[in-house]
Amino acid sequence: PPRSTTVPPTKDNSSLKIEAGLVFSSGNVKQISRTTFYLLDKSFASILLDEGSGKSLSTKPITSKLEMYGLFLMNFGVSNTRLGTQDMKNAVSTAMSSLIPHTMQTATTDFTGKATLNKFPSGKYWIVGVTKVNKQCALWDIEINIPPGDNSIILDQNNLAQLYSRDEDRFCPCDFD
């Protein structure tokens, strides 16, 4: 009879299945589709704070991760509306461009909110994604230790870094209504 063999994990055979969605207070679920998620070697906030690319988000010094997330989301949320300015668009573009040297891989979710990152070394990473849902903007910046083999993560309102509501021009709890 044929024998089955198990291939031992190697340093570059990790994968990560992402499932992204948000649960509204009404109970409805919104899959986060057509959103790019980044596998980074450093956190989004650290990249913007430590490397200075976050300076374009504000004329004042930015002193904390929470402030950095908030300023980015406010610029991201408003930049493509009638209230958006070219400076806001440039600030978002600069922030996103600063991720490139730290990006191990990217994956874009399908229409069901699922994506997979394949064949990368196990280790410590950050999963980063930003999206608009109705008139709110959500940002994930999650540290994750990925062992060899197949792994999965659910991204939802329980592990958001920050949420910004354009209608209310404020940072708010994650109830999405």
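- If you take CD1 on I153 and CD1 on I144, they are separated by 4.0 Å, rounding to the nearest 0.5 Å.
- Residues L22 and I32 have side chains in contact (heavy-atom distance under 4.5 Å, counting atoms from C-beta outward).
- Listed by chain and number, the residues in a side chain to side chain donor-acceptor pair (under 3.5 Å) with T106 amount to none (sequence neighbours excluded).
- The list of salt bridge (charged side-chain N to carboxylate O under 4.0 Å, His left out) pairs with a residue in residues 113-130, not counting sequence neighbours, reads K124-E143.
- A heavy-atom distance below 4.5 Å is not found between the side chains of N28 and V23.
- A donor-acceptor contact shorter than 3.5 Å links the side chain of T103 to the backbone of L99.
- For residues 128-150, every residue pair satisfying the ring pair (Phe, Tyr, Trp, His ring centres under 6.0 Å) rule, not counting sequence neighbours, is listed here: F37-W140.
- Here the side chains of L139 and L160 are not in contact, with every heavy-atom distance at 4.5 Å or above.
- In the model, S122 has no side-chain atom that pairs as donor or acceptor with a side-chain atom of S14 under 3.5 Å.
- Although no hydrogens or angles enter the test, the distance criterion places no donor-acceptor pair under 3.5 Å between the side chain of R34 and the main chain of F111.
- Contact between D141 and A45 at its shortest, heavy atoms only, is OD2-N, 3.2 Å.
- Side chain of S98 to backbone of A95: a donor-acceptor contact under 3.5 angstrom is found.
- Considering CG of L73 and NZ of K132, their distance stands at 10.5 Å, rounded to 0.5 Å.
- Here the side chains of N118 and N13 are not in contact, with every heavy-atom distance at 4.5 Å or above.
- Listed by chain and residue number, S46, I47, D50, E51, H102 satisfy the side chain to side chain contact (heavy atoms under 4.5 Å, CB included) test with K42 (two or more places apart in sequence, or in another chain).
- The CE atom of M96 sits 9.5 Å away from atom CG of L48, with the distance rounded to the nearest 0.5 Å.
- Residues meeting the ring pair (Phe, Tyr, Trp, His ring centres under 6.0 Å) test with Y125, sequence neighbours left out: F120.
- Taken from CG in D156 to CD1 in I154, the straight-line distance is 7.0 Å, to the nearest 0.5 Å.
- Ring-centre distance between Y38 and F44: not below the 6.0 Å cut-off.
- Listed by chain and number, the residues in a side chain to side chain donor-acceptor pair (under 3.5 Å) with D150 are S15 (sequence neighbours excluded).
- Side-chain contact check for I142 versus W126: every heavy-atom pair is 4.5 Å or farther apart.
- A salt bridge (charged side-chain N to carboxylate O under 4.0 Å, His left out) check over residues 14-30, counting only residues at least two apart or in different chains, returns nothing.
- For the atom pair CG (L117) and CD1 (I18), the distance works out to 4.5 Å, reported to the nearest 0.5 Å.
- By the side chain to side chain donor-acceptor pair (under 3.5 Å) test, T112 pairs with D110, sequence neighbours left out.
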I127/L39 under side-chain contact (heavy atoms from CB on, under 4.5 Å): CA gap, chis, key distance, verdict: CA-CA 5 Å; I127 303 297; L39 183 68; 3.5 Å; yes
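- Here T116 pairs with nothing under the side chain to side chain donor-acceptor pair (under 3.5 Å) rule; sequence neighbours left out.
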